[in-house]
Amino acid sequence: MHIDKTDQSLLALLSDNARAPVATLARKLGLARTTVQARIDRLEQSGTIAAYTLQLGDQVRPRIHATALVSIELRAGPSVLQKLKTLSAVETVHTCSGRVDLIVQLAADTTSELDETLDRIGETKGVKNSESLIHLSTKLNRARG
């Protein structure tokens, strides 16, 4: 499916507020409400829009967020990933290029829980070293799903 500039603008508006009324979106895009609704329907049917989600604010979930940059031994990826899956504070794991092999996103309710999780990561067989970065505040969030 081809995504044109109007679709991209519509997706950006929905990313900012997925509950925005179609009439508001139409006004911002300079299109008829029926045209915008047809575009949304087409984007949903094609799978371009896979879901609408709820993102909780920090007041509801004042969790401590961190990133662990993890270097692993050659061929240790599958076993390290298995261990990371067992740690409840691990939210996402990304492979990457560069000086580290994995970027591990963490969220914990206490510093003790975060510390314990970082210890478990560091002592995992196949992990050469890790570096952790504590997230202090979010200045921009354009995450899309």
Side-chain angles (χ1 to χ4, degrees), residues 1-31 36-37 39-145:
M1 179 183 141
H2 176 72
I3 305 285
D4 63 17
K5 293 246 185 229
T6 302
D7 288 335
Q8 290 174 354
S9 297
L10 175 57
L11 291 169
L13 289 170
L14 288 170
S15 293
D16 288 340
N17 180 4
R19 293 187 65 197
V22 175
T24 301
L25 298 170
R27 193 170 38 260
K28 289 182 178 181
L29 294 169
L31 298 172
V36 172
Q37 185 61 60
R39 282 180 176 264
I40 291 171
D41 292 343
R42 182 175 48 84
L43 292 167
E44 289 173 344
Q45 290 169 0
S46 71
T48 301
I49 295 176
Y52 297 92
T53 62
L54 173 68
Q55 182 177 352
L56 297 175
D58 290 339
Q59 306 86 328
V60 177
R61 55 172 180 87
R63 302 191 82 199
I64 301 163
H65 294 271
T67 299
L69 307 175
V70 181
S71 297
I72 59 175
E73 296 171 0
L74 191 62
R75 294 185 208 34
S79 63
V80 171
L81 183 57
Q82 269 312 112
K83 175 62 175 182
L84 293 174
K85 287 179 179 180
T86 69
L87 303 174
S88 62
V90 173
E91 290 190 325
T92 60
V93 179
H94 305 276
T95 57
C96 60
S97 61
R99 67 181 181 84
V100 299
D101 302 300
L102 302 174
I103 298 173
V104 181
Q105 296 295 129
L106 306 162
D109 290 323
T110 65
T111 54
S112 297
E113 180 187 356
L114 181 60
D115 189 37
E116 177 71 21
T117 301
L118 292 169
D119 286 347
R120 295 295 76 79
I121 292 171
E123 63 193 22
T124 299
K125 184 176 186 207
V127 170
K128 287 195 284 189
N129 59 54
S130 67
E131 174 183 349
S132 58
L133 308 163
I134 308 297
H135 302 193
L136 300 176
S137 65
T138 301
K139 303 298 183 187
L140 174 68
N141 184 353
R142 291 187 181 155
R144 294 189 175 159

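The analysis underlying the following values was restricted to heavy atoms, covering all of them including side chains, and did not include hydrogens, waters or symmetry mates. Everything numeric here is computed off the predicted structure, so don't read it as measured data.
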So [Y] and [X], do their side chains get closer than 4.5 Å, heavy atoms only?
X      : Y      : value
Gln8   : Leu11  : no
Ser88  : Glu113 : yes
Val104 : Thr92  : no
Leu25  : Ile40  : yes
Thr6   : Leu10  : no
Asp7   : Arg42  : yes
Val90  : Leu106 : yes
Ile64  : Asp109 : no

Among all residues two or more places apart in sequence or in another chain, which pass the side chain to side chain donor-acceptor pair (under 3.5 Å) test with [X]?
X     : value
Thr48 : Ser46
Arg99 : Glu131
Asp4  : Arg39

Rounded to the nearest 0.5 Å, what's the gap from [atom1] on [X] to [atom2] on [Y]? Could you check?
X      : Y      : atom1 : atom2 : value
Ser132 : Leu114 : OG    : CG    : 7.0 Å
Leu87  : Thr124 : CG    : OG1   : 6.5 Å
Leu43  : Leu14  : CG    : CG    : 8.5 Å
Ser130 : Glu123 : OG    : CD    : 10.5 Å
Leu13  : Thr24  : CG    : OG1   : 10.0 Å

Taking side-chain contact (heavy atoms from CB on, under 4.5 Å) as the test, write out the residues that go with Lys85, two or more places apart.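 Partners of Lys85 under the side-chain contact (heavy atoms from CB on, under 4.5 Å) test: Leu81, Gln82.
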
Pairing residues for Thr86 by the side-chain contact (heavy atoms from CB on, under 4.5 Å) criterion, not counting sequence neighbours: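 If we apply the side-chain contact (heavy atoms from CB on, under 4.5 Å) test to Thr86, skipping adjacent residues, the hits are Lys83.
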
Please assess His135 against Gln105 for the test side-chain contact (heavy atoms from CB on, under 4.5 Å), listing each intermediate value before the final yes or no. CA-CA 10 Å; His135 302 193; Gln105 296 295 129; 3.5 Å; yes

Side chains of residues 70-80: which donor-acceptor pairs under 3.5 Å do they make with residues two or more places apart or in other chains?
from  : atom 1 : to     : atom 2 : distance (Å)
Ser71 : OG     : Asn129 : OD1    : 3.4
Ser79 : OG     : Ala76  : O      : 3.1

How close do Ala66 and Ile134 get, heavy atom to heavy atom, and via which atoms?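 Reported closest heavy-atom pair: CB-CD1, 3.9 Å.
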
